[in-house]
Amino acid sequence: MTLSNYMNRKELLGFVILAVVIFLVLPLALDTFRLNLFGKYLTYAFVAIGLALCWGAGGILSLGQGIFFGLGGYCMAMFLKLEASTPENTSIQSTPGIPDFMDWNQLTELPVWWQPFYSLGFTMLAVVMVPVVFAFIIGFAMFTRRVGGVYFAIITQAFAAILTILIIGQQGYTGGVNGITDLRTLMGWDIRTDEAKNILYFVNGVLLFAVLFVAQFVRKSKLGRLLIAMRDQEDRVRFSGYNVANFKIFIFCLGAAFAGIGGAMFTLQVGFMSPTLVGIVPSIEMVIFCAVGGRLSILGAVYGALLVNLAKTTFSEGFPELWLLGLGGLFIAVVMAFPNGLAGLWSEKVEPWIEKTLKKTKVAEAPGPNKAPAE
Amino acid sequence: MFADYSTAELGAIFAMQGFAGLILFSVFVLMALGLAIIFGQMGVINMAHGEFMILGAYVTYIVSNIFSAYMPGLFGAYFFVAMFLAFIASGALGLLVEWAMIRHLYKRPLDTLLATWGLSLILQQIYRSVFGAREVGVSIPDWMMGSLPLTDLIEIPINGIFVMVLAVSISLAVYIMMFRSTWGRQVRAINQNRVMAGAVGINTEWTDRLTFGIGCGVAGVAGSAFTMIGSTGPTAGQLYIVDTFLVVVFGGAASLLGTIASAFSISQAQSIMEFFLSGSMAKVITLLVVVGILMIRPQGLFALKLRK
């Protein structure tokens, strides 16, 4: 694949604008607290990018992305919690050296499946692999039997419900409804300081771009075109001799891997992980980030995650009653009135306007950074 | 886990948990019937179904308050009025929603799912603003209080029996409507072949709207019955929606009998396991088994054979 096949000039412009927004505008304009908030929003963008591939391109609506976000986040949280629970830090417990919530639940020994999370290498592998393996099991069982559409959505939603109930019920092993809290250091490096938060924001940004480049590669590859073909006419793709199920499983697993990375970055930046980020409600909210951005557009997904979460924070601070009404209205509006989301607005309204102005003045002017993405 | 109990005690436990399961079964059936009509016959995913149910519950709450304030003499009978009004209220809202929203989305089932989820959020917030965030309970008429002692170990609550009777009669009513009335014939005809049904003169648009309305109305009645055994909060509907969808899918989407059979097996399994395991583990195991079976047999227990 040559470079020009990989990304045309319009798309390159979109990537550059997003890079300017994330690496220059936001860090310069915001204090550490707000920047950390935006870092949190960007972790949801990982999920939204995965959804843009699964749902926008592949037509597979998963209402269980919170599962993968949560699994990635919990893997990271387990590592950090073990590091925070040194025998010195936990000397007041009846069993020093195990996480505090285990001690509260009368566990006297670290469960076997917690042991590998002492290793950072294993944890980083697990952040990606645990969601992928889980997605593979679900995807393999469903797609090889040609289950799709709303049935798939309902089953993934059921899995989100099961995992939440399991996490809340098994308090001694998972921290229960409070989740895993009081995380302190990463390999001895305190993640709670302002400096660490700034650095983590940039790490998050770099990872996000890595994921975006992978997603762009998938979209432009033959696989990306096949996905769209499958979404529109699955049978014809099958009759052409392609194994539809394998492509679906792959893209679902890729989305899960993205979500897992996002979850791990969430844990690092926010400092806890809890079942409230796993269940049905957050999972379906993640779909709206992607829908607002415009389904097909991976850059749109990032803006969608940023804008919806910014609106959520602003409204819940000022008028908590209005937020649910607004979010509900957003769901309906984005489905009924703007099925193409921000990306649609950009390509229908902003781009023609830019071209017109460019022709008129013959002066190359860059579009403002805070606008919708190029598509 | 059985070793600590004597045989007679075990029998009583199974009977009582079985009966608790029957009440859960009735709730599932009541909720799932509306959904089976809407999802099974029309293929529309209505994520706001739980909120239609809660609307019925709130209507019952209002009616019971009106009766106890103005007509205390007739309080014993308020429930039947409430049930009727709940059907009308939820049904009317259903007709409105179909007209304003659903009919534009029939070709896009996944989008219907998202839009109705939005609707459910809005309805929840409205309930919270109007009735407050706290759960409200309904005072039960005297004749529904107490319990029937069957043996010295087994007791059966009367409101449970009432809910069960209600579930059975509503199932019968839905059955008669589906298989004996003109409307039911039209709905089934449209489900089998929409274009042909239109060609022979069925008003498909109006039938769709009516079907959606009746499905929502049945949900309202379910909510009304629900107040007899539990209290109502703004988010109570959301707790049940996944379970209900699983019940319908597990039973085989287009089959009423399948819905009832799957509601029965899921509720019995859950409530009997609940006694021996913790409630959350019972639920996890039940859901996992259901999802596992659905992975092996995606068409559900009772699949309708249709030429698509």
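Letters go in sequence order (proteins before strands), and every chain restarts at 1.
Aromatic ring orientation, Phe143(A) versus Phe252(A): perpendicular (interplanar angle above 60°, classes split at 30° and 60°).
In this structure, chain A has a heavy atom under 4.5 Å from the side chain of Leu113(B), while its backbone stays farther away. In this structure, the portion of Ala100(B) lying under 4.5 Å from any heavy atom of chain A is its backbone and not its side chain. Both the backbone and the side chain of Met295(B) come within less than 4.5 Å of a heavy atom of chain A. Both the backbone and the side chain of Met101(B) come within contact range of chain A, with heavy atoms under 4.5 Å apart. Heavy atoms closer than 4.5 Å to chain B are found in the side chain of Leu63(A), but not in its backbone. With a 4.5 Å cut-off on non-hydrogen atoms, Leu288(B) touches chain A through its backbone and its side chain both. Contacts between Leu105(B) and chain A at a heavy-atom distance below 4.5 Å involve the side chain alone, from C-beta outward. Residue Trp323(A): no heavy atom, backbone or side chain, is found under 4.5 Å from chain B.
In this structure, Ser62(A) OG and Ile251(A) CD1 are separated by 12.5 Å, a value rounded to the nearest 0.5 Å.
Contact check on Asp235(A) versus Arg146(A) returns no salt bridge, with no Lys/Arg side-chain nitrogen under 4.0 Å from an Asp/Glu carboxylate oxygen. A salt bridge between Glu317(A) and Lys312(A) is absent, with no side-chain N of the basic residue lying under 4.0 Å from a carboxylate O of the acidic one.
Side-chain atoms of Tyr41(A) and Thr313(A) form a donor-acceptor pair, as typed in the model, at a separation below 3.5 Å.
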Check the pair Leu324(A) / Ile122(B) against side-chain contact (heavy atoms from CB on, under 4.5 Å), numbers first and verdict last. CA-CA 6 Å; Leu324(A) 269 187; Ile122(B) 292 177; over 6 Å; no
